[in-house]
Amino acid sequence: MHTYATPYNIVRNLQPELPVYCFRPERVTASARWFVEKFPAQAFYAVKANPAPHVLDALWEGGVRSFDAASEKEIQLIHGRFPGARIAFLHPVKPRHAIKRAYENYGVRIFVTDTVAELNKILEATGHARDLTILVRIAVSCDGSALPLANKFGAGPEEAAEILRLARRHADEVGVSFHVGSQAMKPSAWAQAMADASRIIIDAGVTVDIVDVGGGFPAIYADTAPPEMDDYVAMVMRSFENMFVLENAELWCEPGRALAAEAESLLVRVDLAKGNTLYINDGSYGSLYDAVHERWEFPIRAIPGDGRKMGRMVEYTVYGPTCDSTDKLAETVWLPAGMTEGDYIEFGNIGAYGRAMATRFNGFGEAETLAVQDAPWPSLYGAASAEVVAFGSKATN
Ligand SMILES: *Cc1c(COP(=O)(O)O)cnc(C)c1O
């Protein structure tokens, strides 16, 4: 992958026609190292947040060795790239044949369930293997989460206790897991979920080897800054001490967004300005899904196509490239006056659920990826170091 000093250099040298993902490998290794060094939990990266090979490689570089896969394709991707990785199949509903192949062909031993039926499916599809780790996903409150996940998955207290007892009989290791919802703005969500989990374990009357506190750890965007990541760790550690689990029980987590968000920004081109309405070359069917459907406010900056000095800020309406009228940023955006065809806008911290969401609707969705060395966007992992991690070729001016 070619490396440029900054997105300004990309604009100056290439005037790119397609949207460009600006990859910042150093930001990924920084988030990965933070989880490895500061969070005393085994981090399973949730592959769905950003499955791009260069992002996976940078996470590996930062010390991530465990992966949360939701599908057979994700398992194949990780197994092919990192034969030594530990892969957990953590979708609560899995096709029977996918469980079988995960176990037999890809060495997967960790599975999640939130029903007795799915537990039986796992046991049958693996030929009643004796070396399984079964996590029981419990339903928890998603208080304070931007994207709650509680309704679709998770067993209620009584069913969870029953599944735990059954799993204990058949599995080598047993754990509890939950997901407090994505972009969880309140560390207290974990305290509550872990207290609920502890009560279920006591009711079940079983020993538990693993407590998996899921994903949901935040990223920083333009609107409201989340609490410090250290606050989340402190809350999880305090709650873990109070749980009714074995002295040597392991703590796991499944961060997706928190590990991937700062990995990439997106550089889009203005294809037309109609007064203060801009038409850009990515939108709700591309990487800006969350900016439209979740009203997410990504940090942005304008980059002039011709290097001119830009003026005072005014409000714009911004449309994506497809013919669908809902392909429009939910909020008006502030950009310099006089934005015109051939200018660019960079959306920061779009590494999580950005490229992963892009479709090919209307023939759009194609993009380039280039590495950059600047670090202009807010970070939850300290300022970027001046030292540049060499990925691919050297920077050109
Ligand atoms: C999506 C998902 C994650 C990652 O969630 P983030 O909010 O991105 O951290 C982790 N675990 C499971 C089971 C998920 O579905």
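Note that the structure is a prediction, hence the values are computed from the model and not measured. All values below come from the heavy atoms of this structure, side chains included, with hydrogens, waters and symmetry mates left out. All ligand and atom numbering here is 1-based and tracks the order in the structure.
No part of K152 comes within 4.0 Å of ligand 1, judged by heavy-atom distances. Under 4.0 angstrom from ligand 1, there are no non-hydrogen atoms of V112. Contacts with ligand 1 closer than 4.0 Å are made by heavy atoms of both the backbone and the side chain of S182.
Listed by atom number, the atoms of ligand 1 under 4.0 Å from E254 heavy atoms are 3 (C), 4 (C), 9 (O), 10 (C), 11 (N), 12 (C), 13 (C). Set against the non-hydrogen atoms of K48, the atoms of ligand 1 under 4.0 Å away are 1 (C), 2 (C), 3 (C), 4 (C), 14 (C), 15 (O). Remark: ligand 1 atoms within the under-4.0 Å shell around heavy atoms of R257 are 6 (P), 8 (O), 9 (O). Heavy-atom proximity to A46, at under 4.0 Å, picks out these atoms of ligand 1: 3 (C), 4 (C), 10 (C). Within ligand 1, counting atoms from 1 as listed, the ones closer than 4.0 Å to a heavy atom of L90 are 13 (C).
Checking each of I163, V176, L164 against I200 for a side-chain contact (heavy atoms from CB on, under 4.5 Å) leaves exactly one that passes, namely L164.
R308 and D343 are joined by a salt bridge, as a carboxylate oxygen and a charged side-chain nitrogen come within less than 4.0 angstrom of each other. For R295 and D290, the salt-bridge test fails: no basic side-chain N is under 4.0 Å from an acidic carboxylate O. Using a cut-off of 4.0 Å between Lys/Arg side-chain N and Asp/Glu carboxylate O, R96 and E124 are scored as salt-bridged.
Any N or O atom pair closer than 3.5 Å counts here, and G216 shares at least one such pair with ligand 1. In terms of polar-atom proximity, defined here as any N/O pair under 3.5 Å, Y353 does make such a contact with ligand 1. Looking at R137 next to ligand 1, no N or O pair under 3.5 Å apart turns up. Between G256 and ligand 1, a contact under 3.5 Å exists for at least one N or O pair.
F39 and Y232 have their aromatic ring centers separated by at least 6.0 angstrom. For F298 and W377, the distance between ring centers is not under 6.0 angstrom.
Residue-ligand proximity: F153 is placed with every non-hydrogen atom at 4.0 Å or more from ligand 1. Using a 4.0 angstrom heavy-atom cutoff, G214 does not count as in contact with ligand 1. Not a single heavy atom of H91 sits under 4.0 Å from any atom of ligand 1.
Few gaps surround CD on E294; more than 12 heavy atoms of other groups in view lie less than 6.0 Å from it.
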Go through it in stages, so that I can follow the logic: the residues are E173 and R109, the test is salt bridge (Lys or Arg N to Asp or Glu O under 4.0 Å), and I'd like the CA-CA distance, side-chain angles, deciding distance and then a yes or no. CA-CA 10 Å; E173 287 189 317; R109 295 294 177 267; over 6 Å; no
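For Y103, there are no ring-ring contact (aromatic ring centres under 6.0 Å, His included) partners at least two apart in sequence or on another chain.
For the pair D282 (side chain) and P19 (backbone), a donor-acceptor distance under 3.5 Å is absent.
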